[in-house]
Amino acid sequence: MGVPLDQLLIQTINGIVTGMILALVSSGLTLIFGIMDVVNFAHGELLMLGAYVGVLTLAATGNFWLALLSAGLLIGLLGAAIYLVTLRPLIDRGPLTTILATFGISLVLQNVALWQFGPVSRKVAEPIGGHFTLFYLDYPWYRIVVALLSAAIIGGFWLFLKFGTWGIWIRATTQDRVMAQAMGIPVPWVLTGVFAIGSAMAAASGVLFGPLSGVDPTMGLGWILRAFIVVVVGGMGSLGGSIAAAILVSLLEAYASLWVSPSQAIIVSFVVLIVTLLFRPTGLFVAAPK
Amino acid sequence: MSSGAGAAFIGTGTAVARVGEDARAADLLAVDRLHTYYGKSHILHGVSLSVGRGEVVGLLGRNGVGKSTTLKAIAGIVHPSAGEVRFEGRPITGLPPHRVARLGIGYVPEDRRIFPLLTVLENLRVGLDRRGVAKAKKALLLDKIYAYFPVLAERRHQAGGTLSGGEQQMLAIARAMMLEPKIILLDEPTEGLMPRMVSQIREIIEALRGEGVAVLLVEQNVPLTLEASRRIYFIEKGEVRHHALGSQLHVGDAVIHQYLGV
Amino acid sequence: MRRGHGTVFWTGFAVIVALLIAAPLVLTEFWRRFVTEILIWGLLAMSSDILIGYTGMVSFGHSAFFGLGMYGAAAALLTIDPPNLWLALFYGLVAAAAVAACVAYFSTRLRDIYFAITTLIFSQIFYVIIFTWTAVTGGENGLAFERPPLAIPGLFDFVLTPTRLHWFVLAVVAGSYLILRRITQSPFGMVLQSIRENEARTRAIGYAVERYKIVAVMLSGLFAGLAGVLYALQNQFAAPDFVFFLVSGETVIYNVIGGIGTLVGPIVGAAFFLLLREGLSRFLTQYYLIPLGAVFIAIVILMPQGLLGFMRRWLNE
Amino acid sequence: MTVNPSLAAASSAEVAEDGKAAALLRTEDLTIRFGGLTALDHVNFAVPRSEVCAIIGPNGAGKSTFFNCLTGVLHPTSGAIFFAGADITGLPPNKISQKGIARSYQITNILPNATALENVRIAAQSRRHSWSLFSHHRAYRDIIEKAEAALDSVGLLGKAGEPAANLSHGEQRTLEIAIALATEPQLLCLDEPTAGMSAAETHDTVQLIRRVAANLTILIVEHDMHVVMELAGRITVLHYGAVLAEGTPSEIQQNPRVIEVYLKT
């Protein structure tokens, strides 16, 4: 069956928009994993809480930028606190222990949100209105803004990693934690900082995504699941791989939803994952091991 | 520096500790009866040694007797279970490694541990970008290092992991120099290097001494250690067993055979 | 010494089984049901202990095996007339084994956290399939069915009353425990523990580690499927909620709370969790997971041996 | 096929008609590269049956890489490894173990919290009964006897019931040898068997290896020249991943190139 070109194009744009958000979510996850071997199961819940902070700030002030900023700051602080209280004592106990701890954290955060905000999904008006005509559709500008903002955050983060002193410290710590500390880098603070940055990135993606789908306490799970797929497909710990995989997976899902319902379209990501595991268990976008 | 070092062989165990105590006030670094464990195995059984300002001190012993562990314990990477490390008279035992480094103790580990994906310049910036170092001074430090290691200047934008073994060793030492250290802990700098590089390492140690930087040198290469070090400690089974002046030892000495088994 | 240890073990085992046999005769219906469910969840937790505690692989996908056990039993009970308990068991185990084979084949290619993540994703694959394939699985509503009789043709034929079901569950769980315990002490079980301690080393002394891991996942999945069949019999329905990853997560929690690598620990953990949930939900309704999650985090950080390990140490002092 | 001439000469008395068949283990132009670095450079090497061979060389000469290639941990970039006549290049470690090559590790018992006997038993069991699911592991007397024999042969039978983690450093190293022996190898590869040992322990270990060597072919990678000179019938010197010299201990001791490299003067 033939698919009209216009639909294909619309789905391409849709795929890139969700792909950019997913890339933002996954970058935070992969950053935290790369530097401290922690798979943050609670990453999705930080996204969800970020979305709520965004909703509340938006309701109180009406300022989208303020919402983005406050969510990033607050959830960044929350991330730092979570790290200091629960993960720092586990630092030498291996990634399996930390995945258990962060799983516990995700349960607590999700239920706190349920308790505080109720189970009903909150609709959020698109903070940047206006549409443009895409074939027969009124395509919201906001979606384009979301993609651009996500790209901007990722790009800004990349510049920070590449050129800033802290960026060099973070990369040095990722490559050799012990040696980094022996060179005078305050590694305990770098780790806390990275956890805060990763959390803030999750929060930012929550704020950006909120208006597209509504905000509810369980929205984190869907994201963490897709982010997990992305980091396995992209190669755990590889920032570039995560971004590429995020866009690939989202595009494929968008195309698939031309034929099946969105809840079934996620099966496409599963297929990508299975194929990756079959042929390149270390990830599609990292160099194959020797 | 310690006056007792005039004798060729200062004796064993306790005598060494006494020499350390006498020299305490003048010492830059003093290690006092250090014990460490790795899991259940007892690695250091009370190592005592001292290094004076601008002094090059060698540490000899077989593989696995605790030489590297001694350096790691000084750098704060391994936590001693007992004993004390003093730096400029101040106890630093148990300080986290980054605080130890900031006090002016540079550590150059056995396998160099260059950050492989950082460029040469970034590797240097790891130590250079500290609070309280003015921009002009940073440039000056870099220029000085580049002047001394022109090959690093040439490769400043190349990833550390792509350098040859010898270049990595230079980078590891240069990186430690960025901390403007008062002492450098140098662990097996010639390991795996081409013979002609060995003499260069020897020159670098000499240059460090010329700058007033003390060196605590762990080496397998006996001739190099004898030439470069003013004093030498021999370690066996996690303890300093012997202490001598470098100038009075020869490669063929019985004591070297005894502790190194070559 | 060893013989003495054996006597203590069998005495303890007999006492606990005797207490559990007597339980439905003295407890109210609510608590009878509660004890039966603890046994079933305990079996699920025990099955995952084979992976978590003995092989060092944390599975976040046991809900798939459990859920497929349920749906397998449902398929047998809904399609075969008259409903047959043994066929329900058989169908459930086959379904769980098929899923386990699939998960094992893919997930054992990865280690540590990658294994955990992959099992999680695989369980979600089955969740999505079951949730969306409404025509066969009933979708969100699940499937409801009648409890079959406990019968062996020509020998006996009992109606499966709640009390008899309790005894049946008890027999299956106790038998499974003994089998799993023996497996962990078998040469095969020793290989699993050796993989947990040092995978590269185990390979170097001649073991094809991947094959052992695949068999471990399949065994674990089989017993998880068995738990699923029992749960289906107890509640007379199969629903996608039980394939959902939260069930896997709770299974991991039971293990960690009770103490991994002990088989009994996970049952203790399940009992502790469910009792605490019961107690807490009277005050906190559905938000019981907030304090329970906090308890879980505290145990991960402060008591890595779990309750059982903690009690053992405390008794020794 | 290239056969190292010095080797063919040395073993000519034993197997005159076919120098190649005499070697239990043989590598052919074994080369491995990591990125730009050539860690092993066309290494041709052979271990004749029932001999004790040693590989020495300064740190970073490629000894461990060579060892890891033999035991399947690393895959060579090019070249081949033959063991007992069969090509074993690129096989995984477990297959190589099953073929009859055992290696000792510098330190790591398999199960640190289990007893010494259990550590050896798990290795002994790797050849038989390992897929048994429903019998207690203590039910297999044959395996336990094999394990006890391996412990006995290294003199650790008295410590059979002791948790491996409680053994002394020297005893743990010896336990490593027992674990390797329990897999009933034809070739035993020892990785610096005396590293970190006192003089007395080193002496005991040398005696032990000598006893073990009575029925086995042994390959030692070692730093300590004394140990190598005492034990090995043939010595190969690696330098920058290539074979620098080969010969009997006395030949090696007098080889000027070896002296130059080894004493780094």
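Using a 4.5 Å cut-off between heavy atoms, C:R196 makes no contact with chain D at all. For D:T183, the part lying under 4.5 angstrom from a heavy atom of chain C is the side chain only. Residue D:A123 touches chain C through both its backbone and its side chain, counting heavy-atom pairs closer than 4.5 Å.
Taking the ring axis of C:Y105 as reference, the NZ or CZ atom of C:R109 stays within 45° of it and closer than 6.0 Å to the ring centre. Judged by the 6.0 Å distance and 45° axis criteria, D:R26 is positioned over the aromatic ring of D:F82. Both cation-pi conditions hold for C:R181 and C:F9: the charged atom is under 6.0 angstrom from the six-membered ring centre and inside a 45 degree cone around its axis.
Ranked by heavy-atom pairs under 4.5 Å with chain D, the list C:T184, C:I205, C:I179, C:I183 is led by C:I205. Of the residues considered (D:I122, D:V73, D:I96, D:N119), D:I122 shows the highest number of contacts with chain C, using heavy-atom pairs under 4.5 Å. No other option in D:K95, D:R121, D:Q98 has as many heavy-atom pairs under 4.5 Å with chain C as D:Q98. Interface remark: of the candidates D:R127, D:R103, D:K99, D:H136, D:H136 forms the most heavy-atom pairs closer than 4.5 Å to chain C.
When each of C:S48, C:S123, C:S248, C:S220 is paired with C:H62, the side chain to side chain donor-acceptor pair (under 3.5 Å) condition holds for C:S220 and for no other.
Looking at D:T77 and D:T31, their side chains never bring a donor and an acceptor atom within 3.5 Å of each other.
Remark: D:K146 NZ is packed, more than 12 non-hydrogen atoms of other residues, nucleotides or ligands lying under 6.0 Å away.
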